[in-house]
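All remarks here apply to the structure that follows.
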Amino acid sequence: MTSTQTVKYLRDYAAPAHLVPKTELLFDIISETEVRITATLHIEPQHGATELELHGDAKLHRIALNGETLPESRYTLDKDSETLTLHDMPAEPFVLTVETEVNPAANKSFNGLYASGGNLYTQCEPEGFRRITFHPDRPDVMGVFTTEIRADKAAFPVLLSNGNQIRSGSLHDNPNRHFAVWHDPFAKPTYLFALVAGDLAVRRDTFKTRSGRDVAIAFYTRAEDADKTAFAIESLKNAMKWDEERFGLEYDLDIFMVVAVGDFNMGAMENKGLNIFNTKYVLADERTATDPDFEGVESVIGHEYFHNWTGNRVTCRDWFQLSLKEGLTVFRDQEFSGDRASRAVRRIENVKMLRQHQFAEDAGPMAHPVRPASYVEMNNFYTMTVYEKGAEVVRMYHTFLGEEGFQRGMKLYFERHDGQAVTCDDFRAAMADANGADFDQFALWYSQAGTPVLDVSDSLQSEGSLHTYTLHVKQSLPDTPDMPAADKRPMMMPLAVALLDENGEKIPFALSGSLHTETVLTVNQAEQTYELQLARPVQSVTPSLLRGFSAPVHLHFDYTDAQLAHLLAHDDDPFARWEAGQTLYRRAIAANEAALENGTDLPEHAALAEALRRILNDQSIDPAFKALLLQVPAESELWDGRTRIDPVRTAAAREALHEALAGSLHGELLAAALNAREAENADKRGKQISIYGYNPQDAAQRSLQYTAFALLHRFDDSAIMAQVFEHYDEIARKNMTHEWGILTAVNHNESPRRNELLVRFAAKFDDQALVMDKYFMLIASSRRSDTLAQVQAALTHPRFDIANPNKVRALIGTFARNVPHFHAADGSGYRFVADKIREINAFNPQIAAGLARSFNLMQRVEPQRQALMRQELQALADMPDLSKDVREIVEKILG
């Protein structure tokens, strides 16, 4: 295999030779197939530089220096590297005018300026601006932008860009065309530029800031979607208020705009003042959106708004620092969601996502530090490590410093760096300097990849009235593709602990002269011992470790099953309590897997069933938390630390546990489901169906109801299938959460009636693109024997479009996570996904690269499946026209 890819390294960073403090843009929109752009760049050379390097991939018409057209001999255009080098430029400030042309309708990569539904949209992060015009196009080149847009009034009545609108009107030479001029007074890098032009409906609102300014709010959608933005608008106003109250940060422009588009590679984009969103994270009403959909809208709306300060006002010096803005802003949106609903539930949901996806990333060929040291294609580093592990790194600052100390650090960070492009080290320095803390060792979180492992052991000693409980902590780090474990140094991390006695009560203990019932230990050596002096005699001690998931690590402690059951019953830390249950689940599934491998009878798991019975009967437990306690770990988490994995056997062992628990707990599960339904209905009798909208309290009841129902279906699926079929329309009338809960519970049923329900669902929502995504997800996630055939048939469904990223993620992406079918022993699942990667690579490399990550497990599966995976990946690697996005992923997996 021959690779000609160019690798960029953090160590090679050099400050820009030219700055562009002011950029003036003119977009002349002739049609969706022709847009002419004139970029006027006010350039300031640094240190006498006379060779100017710009980046661009648009059709170049003209370059002028201070108004004079440059001959071709004055510049060199390298299309392969997308680099335009201008020779013999002035050493003093000058003005460069660049005229380009693009065809948005032909742009199916959805990077740069592209067309969707007759409207024009941009996506410039990380390097989309160069698809529009020529510019240094790097985040540390910041400037003030003024943008004029001209277009036909009928075809493009709405003309939007960053900042505040300063002028608009009809063009004097053509009254059928109009213009709008937008000015953003805040310097920004090119990746935050945005433009939208088209025929869009708008829903308006206002927000009064704490200083008394009225900020206009405008949400733009297709006309038929305008009635689905109310929740998103309220979420934005809640986020604006929360950021003022929690962080003291106020919005700074006169207007905040959101535009929703169905063709979008990511979730949303925080362009200054003009956020462009995937419709999935804006449009929501009770008929078409589930409770998790509403929660996703609120979270992503908050995330993009919070970027106004953590990402826009202070941005990244270079793309290696991506977690500076993303990790910090994920932490902020997690805190926002925790303050809006159950903090305990939200925290556990965050940990579940991290373990299922980021831990798997850390254990595979794409493992990289929170601040990568190198990359080929920057789009490939919008990863769970940068976002979710990056958020955990920020959370550790918060754990060490507390809320007050963390806010001191944030305040100093903005005082020092507002309006600048900075690094992760600048953020770390602000946290340290504001609190007189030493975070030098903590910097290793930014440079060492892999998930640390903490092996913890304990002892209890009594001498007279002195009772000492000792914790011994051994820290280790794994080998990763970029660095062997032997070269890694111990990390600094917080380990939150408490001690429970035989009655489940917290035991007071002395540490460093202070009395605690819980504390945060600083782990910063390869091996450490902590002696806790107990304040009273006890018969036994059960440690509650890693409380609140205080660090993103694997923690190993040799708990007995009885100790885990004790924590599950008594621990007051929700994460530690949930984790005790998860450990019991992992042990039960491992026992099932061993039995399946050896051909012996499956164990009964009576003790686990009894522990869950107590949980189901405990009416004091929050129903959303109870639903989490009933959910077993995903396969990707069960594979952690393992090699020679048989994925299908793991899935079968997991399903066997589901079925055993459903049988043992049938009565309790049925009671829990009925009680949750009764609690949700309690205040709705005699009221309109529309009362079944989203709120955290009812969402908690519905979560428990359908978690229990999904387990019940495994116990007696034929009877429940008949009941569902009879009452489906009555259930579905309430809201999408009820409808989705029923459909997902019966989705694996082999009965033809399951197919009939899906057909009815698709017919009912044929005109709702986001709901049709749910239909494709149902098909692709089913464990039915004919799933692959149904997925292949869905490719020709009138509402499926392989050029639409949401549809690809819903059908092909979901199938790639369907363990029994993607990992089918005959390789048919691998072959299907590889064929789709090959097809999508031709027009949207970013989405194709995302699908290629499905093969990350290759080096760790058993030899037969590994050979089948390797065969498909090698065929991709041998393609001469494979994009650099996909090639980087494929070559790393092949290793």
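Note that the coordinates shown come from a computational prediction; the quantities given were computed from them, not determined experimentally. Atoms considered below: every heavy atom in the structure, side chains included; atoms not considered: hydrogens, waters and symmetry mates.
A donor-acceptor pair under 3.5 Å links the side-chain atoms of Asn804 to the main chain of Gly262, judged by distance alone. At distances below 3.5 Å, at least one donor-acceptor pair connects side-chain atoms of Asn107 with backbone N or O atoms of Asn111. Panel note: side chain His61, backbone Thr38; no donor-acceptor pair is recorded below 3.5 Å. Side-chain N or O atoms of Thr133 include none that pairs as donor or acceptor with a backbone N or O of Ala58 at under 3.5 Å. Ser299 places no side-chain N or O within 3.5 Å of a backbone atom of Glu295 that could act as its donor or acceptor partner. When atom types are taken as modelled, the side chain of Asn119 and the backbone of Asp199 share a donor-acceptor pair closer than 3.5 angstrom. One N or O on the side chain of Ser31 and one on the backbone of Thr33 form a donor-acceptor pair closer than 3.5 Å. Here the side chain of Glu888 pairs a donor or acceptor atom with the backbone of Glu377 at under 3.5 angstrom. The backbone N or O of Asp885 lies less than 3.5 Å from a partner atom in the side chain of Asn380, making a donor-acceptor pair. Between the side chain of Trp319 and the backbone N or O of Pro139, no donor-acceptor pair lies under 3.5 Å.
Using a 4.0 Å cut-off between a side-chain N of Lys or Arg and a carboxylate O of Asp or Glu, Asp243 and Arg332 qualify as a salt bridge. A salt bridge is defined here as a Lys NZ or Arg NE, NH1 or NH2 lying under 4.0 Å from an Asp or Glu carboxylate O, and Glu68 with Arg74 fails to meet this definition. Look at Arg313 and Asp418 and you find a salt bridge, because one of the NZ, NE, NH1 or NH2 atoms lies within 4.0 Å of a carboxylate O, short of that distance. Using a cut-off of 4.0 Å between Lys/Arg side-chain N and Asp/Glu carboxylate O, Asp773 and Lys280 are scored as not salt-bridged. In this structure, Lys241 does not pair ionically with Glu244, as no charged nitrogen and carboxylate oxygen lie closer than 4.0 Å.
Between Trp309 and Phe414, the distance separating the two ring centers is shorter than 6.0 angstrom.
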**OP:** Decide side-chain contact (heavy atoms from CB on, under 4.5 Å) for Leu236 and Phe207; before the verdict, give the C-alpha distance in whole Å, the side-chain angles of both, and the deciding distance to 0.1 Å.
**Re:** CA-CA 9 Å; Leu236 173 62; Phe207 176 81; over 6 Å; no

**OP:** Show your working on side-chain contact (heavy atoms from CB on, under 4.5 Å) between Tyr75 and Met89 and close with a plain yes or no.
**Re:** CA-CA 10 Å; Tyr75 58 86; Met89 291 291 103; over 6 Å; no

**OP:** Could you walk me through whether Asp252 and Lys272 pass side-chain contact (heavy atoms from CB on, under 4.5 Å), step by step?
**Re:** CA-CA 10 Å; Asp252 49 13; Lys272 183 73 178 182; 2.7 Å; yes

Subject >> Derivation and outcome, side-chain contact (heavy atoms from CB on, under 4.5 Å), residues Lys807 and Ile812 >> reply: CA-CA 8 Å; Lys807 295 292 182 288; Ile812 303 166; over 6 Å; no

**OP:** May I have the step-by-step check of side chain to side chain donor-acceptor pair (under 3.5 Å) for Tyr382 and Gln846, ending in yes or no?
**Re:** CA-CA 10 Å; Tyr382 285 77; Gln846 188 175 347; over 6 Å; no

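Residue Lys153 places its NZ atom among more than 12 non-hydrogen atoms of other residues, nucleotides or ligands, all under 6.0 Å distant.
Side-chain contact check for Asp137 and Thr190: at least one donor-acceptor pair (N or O, by modelled atom type) lies under 3.5 Å. For the 3.5 Å distance criterion, the side chains of Thr76 and His87 qualify, holding a donor opposite an acceptor. Between the side chains of Thr209 and Glu250, a donor-acceptor pair is found at a separation under 3.5 Å. Counted by atom type alone, Gln123 and Asn265 present zero donor-acceptor pairs between their side chains at under 3.5 Å. Using modelled atom types, one finds no donor on one side chain facing an acceptor on the other under 3.5 Å when comparing Glu304 with Tyr281. Looking at Asn841 and Arg838, their side chains never bring a donor and an acceptor atom within 3.5 Å of each other. Under the 3.5 Å distance criterion, with hydrogens and angles disregarded, a donor-acceptor pair is assigned to the side chains of Thr288 and Asp285. A donor-acceptor contact closer than 3.5 angstrom is absent between the side chains of Asn162 and Asn271.
Ring-plane geometry between Phe320 and Tyr375 is classed as tilted, the angle between the planes lying from 30 to 60 degrees on a 0 to 90 degree scale. A tilted orientation is assigned to the rings of Tyr251 and Tyr305, their planes being inclined by 30° to 60°. By the 30° and 60° cut-offs, the orientation of the rings of His303 relative to Tyr387 is parallel.
A cation-pi arrangement, defined by a distance under 6.0 Å to the six-membered ring centre and an angle within 45 degrees of its axis, is absent between Arg799 and Tyr775. Geometrically, Lys774 does not engage Phe765 in a cation-pi contact, judged by NZ or CZ lying under 6.0 Å from the ring centre and within 45° of the ring axis.
For the residue pair Phe306 and Ala239, the shortest heavy atom distance occurs at CE2-O, 3.5 Å. For the residue pair Gln46 and Pro16, the shortest heavy atom distance occurs at CG-O, 3.7 Å. Heavy atoms only, all atoms of each residue included: Phe94 and Pro45 are closest at CE2-CG, 3.9 Å. Listed here is the closest heavy atom pair of Pro845 and Val886: O-CG2, 3.8 Å. Here the closest non-hydrogen pair linking Arg213 and Leu253 is NH1-O, 3.3 Å. Across every non-hydrogen atom of Gly198 and Pro157, the tightest pair is O-CD, 3.2 Å.
Annotation: side chain of Val282 is in contact with side chain of Phe219 (closest heavy-atom distance under 4.5 Å). Looking at Met240 and Ile217, their side chains come closer than 4.5 Å, going by heavy atoms from C-beta outward. Between Phe179 and Arg167 there is a side-chain heavy-atom pair separated by less than 4.5 Å. Under the 4.5 Å side-chain criterion, counting only non-hydrogen atoms from C-beta, Phe277 is in contact with Ile301. Side-chain contact between Phe800 and Met772: absent, with no pair of heavy atoms (C-beta onward) separated by less than 4.5 Å. A heavy-atom distance below 4.5 Å is found between the side chains of Leu322 and Met378. For the pair Leu795/Lys836, a side-chain contact is recorded, criterion being any heavy-atom separation below 4.5 Å from C-beta on. Residues Ile29 and Pro104 are not in side-chain contact: their nearest non-hydrogen atoms beyond the backbone lie 4.5 Å or more apart.
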Enumerate, atom names and distances included, each donor-acceptor pair closer than 3.5 Å involving a side-chain atom of residues 20-28, sequence neighbours excluded.
{"residue": "Glu24", "atom": "OE1", "partner": "His42", "partner atom": "NE2", "Å": "3.4"}
{"residue": "Asp28", "atom": "OD1", "partner": "Arg177", "partner atom": "NH2", "Å": "2.4"}

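Paired with Asn806 under the rule side-chain contact (heavy atoms from CB on, under 4.5 Å), one option of Leu811, Asp801, Thr279, Ile847 passes, and it is Thr279. Screening Leu96, Leu77, Leu86 against Phe134 for a side-chain contact (heavy atoms from CB on, under 4.5 Å) leaves a single residue, Leu77.
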